[in-house]
Amino acid sequence: MKNLQLSIPTHVIVLLFILGLTAVDNLGQQNLTAGTQVTNEESATRVNAFLSRWDKNDQPGCAVGAIKDGRLIYKRAFGMANLDYDVPNTTATLFNLASASKPFTAASIVLLAQQGKLSLDDDIRKYVPKIPDYGDTITIRHLLYHTSGIREYQALIIFGGLGADNAYTDKDVLNMLSRQKNISFKPGSKHQYSNSNYHLLGIIVARVSGKSLRAFADENIFKPLSMKNTMYFDNRSEVVKNRASGYVVGQGNRIRARSSLFDLVGGGGVLTTIEDLYLWDQNFYEQKVGNKEFVSLMTAPGTLNSGEKIDYAFGLFLNQYRGLPVFKHSGNMSGYRAQMFTFPQQKFTAIALCNNSAILPSVIVNKLADIYLDGQLKPDVPAEKKPAEALPPVIALSEKEAQRYAGVYASSESGAAFRLNLKDGKLVNSGLLKSEMPVLPIAENRFVMVAGADKYELTPVFDRSGRISEIKLIRNGEKPDVFVPVKPPLDSPQQLSEYAGTYHSDEFDADHKISLKGSNLVLQIGASFEAPLTAAYADTFTAAGGQINLSFTRDDKGTITGLVFNSALDEREVKGITFKRR
């Protein structure tokens, strides 16, 4: 979900947001103008021309809007809301925001805090005691900023062998989370997006207010703002008038209807229209819901335990687009895609709500910004390539000396592994990237590898016996990753057969089956997930391009008794899940 398009230093983001957002009176006051002013009509003509590529009566489409200086200056819908009955999209069609619903969940929490019914620094177990005590307090604020470390429940569904489109209840999700014996990281130490955070916030709203999230948001946000066509969709059997159906459009223009049974709310689930989102947008400038402090809280960047600022506020990503501060959130689920993209200083917002998975709302809102803020944005030019860094001269290393470094090394932190071996008398690295890389000695016990613009430095560390105890690997001057020597993989067919079997996890409440097919091990999860395993080193295998890591455990007799499952699939960590062999 994290759709950040520019890589800029965090302190720059924070400074820009302090200038643009800390005082609501200053929101939008800086009207930066340059060049010849273009009329809204001329801009609309350019937008229409851009959108025309998707305007087809046999395809699902989108509703698009642009807001400037308090007015909805552009709105248009195209494509079909329902292909079965040839119903077109309109600007009054309801679309599912998916994860772009998170600002409304965050706003509900902020309103409860302002009503004195909770504190943002309350322990979440005060309201959801079923969540285990992990030794460190997880607060509501941690949930809001995605810094809790709580595992992504959608990953638990996938790795538990359950269907992503099956019907789940709040009780089902809570049961999944309550089985987890650990979290991914210490609360507040890291930002990692997890829908579990906002699902729990939705539960907290219900338990504190005594009303469902849907009812609370309707009473405290949607009705006060006259958002008459907006709701949290928390009942999958409910008939909703003017709702767009979601469609997945694949290769060859193959269209599949996505009749999702997913009606969990908090992390998603808001149905709304372009016109209603215009009313929500205006509340950031003239408050009918909340007050100035409400807006300040919603748009303030989070802070990690280290003091580092993150690029996420309360349900909003904080970023820059072509030199201007923005806040935004995107959504993607069951054929629906959405994005709301706000330039607070310019009082400009672009919105794209789609029921066609092949259309990227980010492309649309970026184009609207380019057109309506023409003359105020910095030129969108490719960054100049830095000249290649001159490397120190390579020193001579005999084959005997090079052999000293040969071996397999693994990182306990990332699970990655690589092999150093000799090829034509020279050291090469395999496993770190897709292809082999020469390992160049530039000083005693100091090596470099170069892959395109990336430079890797390797520094071996020796113990008292003269053996390598670890290799510190630094990529482009970043924090070093430490790799330690490990035994080579056991990968003959006879050795691989030893790993075959069925393994059970209480945390996933599921069995994972590992079987030998031909000369390869295969991991099977449920009925729909199957992936070949690649031997990384002794008793350790990877899958899904290295994003899944399985480390097998043995007893004192050397018999395999279980495994430890680690995944960083889709950048959402699920680490340290233990399985026992059946």
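- Taking CD of Q180 as the start and CD1 of I577 as the end, the distance is 5.0 Å to the nearest 0.5 Å.
- One N or O on the side chain of R337 and one on the backbone of S357 form a donor-acceptor pair closer than 3.5 Å.
- Within the 4.5 Å cutoff, the side chain of P441 has heavy atoms near those of the V394 side chain.
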*asked:* Before you tell me yes or no, could you show the steps for L162 and M176 under side chain to side chain contact (heavy atoms under 4.5 Å, CB included), namely the whole-Å CA-CA distance, both residues' side-chain angles and the distance that decides it to 0.1 Å?
replied: CA-CA 12 Å; L162 304 173; M176 292 179 203; 4.1 Å; yes
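- No side-chain donor-acceptor contact under 3.5 Å links S519 to the backbone of P493.
- Between the side chain of S196 and the main chain of R151, a donor-acceptor pair closer than 3.5 Å is present.
- Note that the CG atom of D491 and the OG1 atom of T534 stand 10.5 Å from one another [nearest 0.5 Å].
- Looking at L432 and L473, their side chains come closer than 4.5 Å, going by heavy atoms from C-beta outward.
- N549 and K575 form no side-chain donor-acceptor contact under 3.5 Å, judged by distance and modelled atom types alone.
- A distance of 9.5 Å separates CG in L373 from OH in Y321, rounded to the nearest 0.5 Å.
- Remark: of the listed residues F565, Y537, Y503, Y503 is the sole one forming a ring-ring contact (aromatic ring centres under 6.0 Å, His included) with F552.
- Put simply, the side chain of K378 does not reach to within 4.5 Å of the side chain of Q320, judged on heavy atoms.
- Between H146 and Y198, the ring center distance clears the sub-6.0 Å criterion.
- In this structure a side-chain-to-backbone donor-acceptor pair under 3.5 Å is missing from Q524 to E530.
- Checked by atom type and distance alone, the side chain of D506 never pairs as donor or acceptor with a backbone atom of D509 at under 3.5 Å.
- A side chain to side chain contact (heavy atoms under 4.5 Å, CB included) with I124 is found for exactly one of L143, T139, L201, namely L143.
- Of all non-hydrogen atoms in L304 and S189, the two that sit nearest each other are CD1-O, 3.8 Å.
- Using a 4.5 Å heavy-atom cutoff, the side chains of F541 and I514 are not in contact.
- In this structure, D424 contributes its side chain and K426 its backbone to no donor-acceptor pair below 3.5 Å.
- Rounded to the nearest 0.5 Å, atoms CG (N356) and OH (Y336) are 12.5 Å apart.
- Side chains of D555 and T561: a donor-acceptor N/O pair is absent below 3.5 angstrom, by distance only.
- N175 has its side chain within reach of R179: a pair of non-hydrogen atoms, C-beta onward, lies under 4.5 Å apart.
- Atom CZ of F317 is separated from atom CD of Q339 by 10.0 Å, given to the nearest 0.5 angstrom.
- Proximity of L420 to I471: side-chain heavy atoms (C-beta onward) are separated by under 4.5 Å at one or more points.
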*Show the numbers, then the answer: is there a side chain to side chain donor-acceptor pair (under 3.5 Å) between N197 and S148?*
CA-CA 7 Å; N197 292 307; S148 70; 2.5 Å; yes
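- Taking the six-membered ring where the residue is Trp, H191 and Y312 present tilted rings, their angle falling between 30° and 60°.
- Taking all atoms of both residues into account, the shortest heavy-atom contact from T540 to S551 is OG1-OG, 3.5 Å.
- Smallest separation of non-hydrogen atoms from L533 and L523: CD2-CB, 4.0 Å.
- Using a distance-only test at 3.5 Å, with no hydrogens or angles considered, a donor-acceptor pair links the side chain of N305 to the main chain of P187.
- For R254, the CZ atom counts as loosely surrounded, since its 6.0 Å shell holds 12 or fewer non-hydrogen atoms of other residues, nucleotides or ligands.
- At least one donor-acceptor pair under 3.5 Å links the side chain of S469 to the backbone N or O of V461.
- Between the side chain of K102 and the main chain of G267, a donor-acceptor pair closer than 3.5 Å is present.
- Ring orientation note: the planes of F50 and W54 are nearly perpendicular, at an angle over 60° on the 30°/60° scale.
- In summary, R322 and D370 engage in a salt bridge, as defined by a charged side-chain N under 4.0 Å from a carboxylate O.
- In this structure, F314 has its ring center closer than 6.0 angstrom to the ring center of Y145.
- Across A543 and A531, no two heavy atoms sit closer than the pair CB-CB, 4.2 Å.
- In terms of modelled atom types and a separation under 3.5 Å, the side chain of R582 and the main chain of G501 share no donor-acceptor contact.
- In this structure, CG on L200 lies 11.0 Å from CG on N195, to the nearest 0.5 angstrom.
- Residues Y499 and L550 are not in side-chain contact: their nearest non-hydrogen atoms beyond the backbone lie 4.5 Å or more apart.
- Using a 4.5 Å heavy-atom threshold, the side chains of L427 and Y405 count as touching.
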